[in-house]
Amino acid sequence: MADLNTGVRFVKGVGEQRAKALEKLGIHTLRDLISWFPRRYEDRTETRRIADLIPGETACVAAMVAAEPVVSRIRKGLDLTKVRAVDETGALEVTFFNQTWLKNGLRPGETYVFCGRAEGNLLRRRMVNPIVEPEGRRESTGRIVPIYPLTAGVSQLVLARSIRQGLDACVDILPDVLPDEIRREHRLCRIGYAYENIHFPEGPEALDLARRRLAFEELFLFAIGLRRLRRRREAAEVEPFRPVDMDPFYQALPFTLTKAQLRCVDEALADMTGRRPMNRLCQGDVGSGKTMVAAACAYFCVKNGRQAALMAPTEILARQHYEGLAPLLEPLGVRCALLTGASTAKEKKTAAARLAAGEIDFLMGTHALITGDLEYRCLGLVVTDEQHRFGVGQRAALAGKGDHPHTLVMSATPIPRTLALILYGDLDVSVIDQLPPGRQPVQTSFVDSSYHPRIYKFLRKLVEEGRQVYIVCPAVSESEEGGDDRKAVTEYAGQLRREVFPDLRVAFVHGKMKPREKDAVMAAFAAHETDILVSTTVIEVGVDVPNAAVMVVENAERFGLSQLHQLRGRVGRGSWQSYCILISDNQNEETRRRLKVMTKTSDGFRIAEEDLRLRGPGDFFGQRQHGLPGLRVADIGCDARLLQEAQAAAVALLSRDPELASCPATAERIAQLFAEASDTLN
Ligand code: ADP
Ligand code: MG
């Protein structure tokens, strides 16, 4: 089977049932399937003896089941299966929740491999919900095992088996998108080997080779694609915007813009009065006031008789932009509207009609702005907020809604400038390097959980003074194994309501709530109908509630510094003293040093650099899944050297063969990756 665009359900051994589950993950084609790369790996090559298990560490043991498993019902919906397993060094008590089929699946006298976190103590060793399989038929242990990003309904095993089937169908005939001489020159393995070993590594070296090759490939294609986009963009010509009297806009603002904001506005306006479409990145630390730069540009565009669109990564943010900007701009004659995934079908229809008729000047929203059938009458400017959450494709898809509209990308991710230039090779960069006046630095402290009573007392005092509070909990780290980050948040909120703040207004919000529910909770918080908001990192990006004065982060060690910086940026937006309290019981010295950095500086760029230095680049951009446009394997921090190599290779290839005539497989892949982007430029 050669066609990578074949639907997964036609892959031998996948079938209807699994295909349905896979589609939930966004895996539709054979290519999607084999490109669903592991998030991480667990080395389960080694099996230990029971006596060598160390409580707290994850390991595998091969042990004989000593007696019939015992099932007991704790309550409705909760059954425990207990089994005792032994080897020549000791005994292991194993408990399973709700896996009663194991009662017959585990036979006394047979040896099984149990793989999980050892608990208990050195005298009584236990495991809860380990992976278990017969010693003679090992699939999930005995080797380096891929751990895939998941959502509910698809298990690791189902995914691994489906991918195995997918690879069997095509791994030997995958077209190599890297030209042979480039592959050899950079000592990269072949594509089939890479796909095989990124999923099912023969060993650590094979995994390294595979990763290196795939990362190089991504960076290489990315570099070529961006360069060609830029070249085409520069070839495009647009009708220059006329200068516009900006005074009415500035006078309508409740404050004066900072020098840095004004500079960014001027740079953008200058771009738009030129003959080339603007393509600018506006980078500014959290709270630096990027929204107003976007608003100024939108005003300028609308006064030139064109439409503007602002795309935000979340419902919450989109709504907030709308609620902040519409009252400011409407009186100036800018007709604003909001469109998100949560809008009703009727709202969407009305908006679409008004948009096409030119009755909306400034449309704000989420991905809904780029749905296929939405038509703009005369789109002149596209602003994307928090760019790192969107792919190049999405950005370009929105730009494709107009005839070479100007684009402005706003990002708070403080990427060192050089890196930004490489990554956003097709963008010009403006930096807002100044905060609005009157901001007091957020007082940051770092404590362990024994401080909880004192912290609660402190929160109560501030709430009584009229302030509001955020409490952030990490997502449960095992979420990819079917755990659930809702629990952490909802349970904690419940506990606070019952035991700590029964008289205060405590609400919670997390990413798995319906957009409407989320919006409602956020709106209530913004309207000060809530005192304390317990949340996951859904509030990490951009949310603006100036009255919030405290950010408490539980299990702070789970977050990257840049992410903590983003979270901290949610407070300190008003004129009163604000606080950020990081709580962690982690004793690791490195971790503690890392968190201490937060108490010493509030400079986002310095923090990003520290993050890179101390922790390595894995978390540099916050959570991996928001990663960089189109990059699934490459890690810009780790792979900086590789990035340079790939860039150089791309430049060299384009200079000797600008149309990629010598390497059709490469050209085809780039065309696919940049399909939406190219549409806009053709
Ligand atoms: P960013 O998106 O860069 O993180 P925002 O645009 O959300 O920041 O602005 C943060 C807060 O600062 C908002 O409440 C905004 O109204 C306010 N603000 C923006 N510019 C100024 C300014 N020049 N002077 C005072 N306050 C400002
Ligand atoms: Mg913002």
Side-chain angles (χ1 to χ4, degrees), residues 246 249-266 268 280-299 310-329 364-366 383-390 408-415 429-442 467-468 470 522 525-528 537-549 551 562-576 578 580 602-605 607-608 622 626:
M246 295 293 288
F249 173 78
Y250 291 134
Q251 273 155 21
L253 293 180
F255 39 70
T256 38
L257 292 189
T258 61
K259 272 205 193 103
Q261 282 170 310
L262 282 173
R263 195 184 57 240
C264 288
V265 173
D266 286 345
R280 183 168 287 279
L281 171 68
C282 170
Q283 214 180 64
D285 209 346
V286 280
S288 61
K290 292 183 289 294
T291 315
M292 282 310 157
V293 174
C297 292
Y299 179 81
L310 168 60
M311 181 161 74
T314 64
E315 303 277 340
I316 293 176
L317 259 185
R319 178 167 295 276
Q320 187 181 293
H321 283 323
Y322 175 75
E323 280 165 2
L325 296 182
L328 176 75
L329 293 170
M364 292 164 257
T366 53
V383 185
T384 45
D385 193 8
E386 310 295 349
Q387 140 77 12
H388 60 295
R389 297 212 164 181
F390 293 110
L408 178 68
V409 170
M410 303 194 294
S411 175
T413 311
I415 310 166
V429 183
S430 293
V431 181
I432 311 186
D433 49 5
Q434 182 184 19
L435 293 182
R439 295 272 171 82
Q440 300 186 37
V442 179
R467 300 287 81 75
Q468 288 164 280
Y470 293 109
M522 286 312 300
F525 188 70
H528 201 170
T537 54
V538 290
I539 54 142
E540 167 200 353
V541 171
V543 172
D544 186 35
V545 180
N547 192 46
M551 168 63 65
S562 296
Q563 209 180 1
L564 289 173
H565 181 64
Q566 292 279 329
L567 286 169
R568 178 167 65 181
R570 299 307 112 220
V571 299
R573 301 183 150 232
S575 48
W576 33 77
S578 297
C580 174
S602 54
D603 177 336
F605 281 77
I607 286 173
H626 307 151

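Just follow the structure's listing: the first ligand is 1, and inside any ligand the first atom is 1.
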Determine, considering heavy atoms only, which of Gly284, Pro436, Gly289 sits nearest to atom 9 (O) of ligand 1. Gly289
Any chance you could measure Cys580, atom SG, to His565, atom NE2, to the nearest 0.5 Å? 10.5 Å
So CZ of Arg439 and OG of Ser578: to nearest 0.5 Å the spacing works out to 9.5 Å
Straight-line distance of Phe249 CZ to Leu257 CG, nearest 0.5 Å: 6.5 Å
Closer than 4.0 Å to some heavy atom of Gln261 - which atoms of ligand 1 meet that? 19 (C), 20 (N), 22 (C), 23 (N)
If we number the atoms of ligand 1 from 1 as shown, the ones under 4.0 Å from a heavy atom of Leu257 are 23 (N)
Nearest 0.5 angstrom please: Met410 CE to Arg280 CZ, how far? 14.0 Å
Please identify each residue that fulfils ring pair (Phe, Tyr, Trp, His ring centres under 6.0 Å) with Tyr322, with sequence neighbours left out. none
Test of understanding: given a 4.0 Å heavy-atom threshold, classify the contact between Lys290 and ligand 1 as side chain, backbone, both, or neither. both
Residues two or more places apart in sequence or in another chain: which of them pass salt bridge (charged side-chain N to carboxylate O under 4.0 Å, His left out) with Asp433? Arg263
Atoms of ligand 1 under 4.0 Å from any heavy atom of Thr291, numbered from 1 in the order shown, are 2 (O), 5 (P), 6 (O), 7 (O)
Side chain to side chain contact (heavy atoms under 4.5 Å, CB included) for Met292 and Ile432? Distances and angles first, verdict last. CA-CA 12 Å; Met292 282 310 157; Ile432 311 186; over 6 Å; no
Ligand-side contact atoms (ligand 1) for residue partner Arg439, heavy atom cut-off under 4.0 Å: 10 (C), 11 (C), 12 (O), 17 (C)
So, 4.0 Å and heavy atoms of His321: is ligand 1 close enough to count as a contact? no
Around atom CZ of Arg319, are there more than 12 heavy atoms from other residues, nucleotides or ligands closer than 6.0 Å? no
With a cut-off of 4.0 Å, which atoms of ligand 1 are near a heavy atom of Thr256? 22 (C), 23 (N), 24 (N)
CZ on Phe255 to CD on Gln261, rounded to 0.5 Å: 6.5 Å
Interatomic distance, His321 atom NE2 to Thr291 atom OG1 [nearest 0.5 angstrom]: 5.0 Å
Under 4.0 Å from a heavy atom of Thr258: give me the atoms of ligand 1 that qualify, with their elements. 23 (N)
For Pro546 and ligand 1, does the shortest N/O to N/O distance drop below 3.5 Å? no
Please confirm whether Gly287 comes under 4.0 Å of ligand 1, counting heavy atoms of the residue only. yes
Under 4.0 Å to a heavy atom of Val286 - the qualifying atoms of ligand 1, by number: 4 (O)
4.0 Å heavy-atom contact, Val293 with ligand 1: no
Examine the proximity of ligand 1 to Asp385 and report which part, side chain or backbone, both or neither, has a heavy atom under 4.0 Å away. neither
With a cut-off of 4.0 Å, which atoms of ligand 1 are near a heavy atom of Asp285? 3 (O)
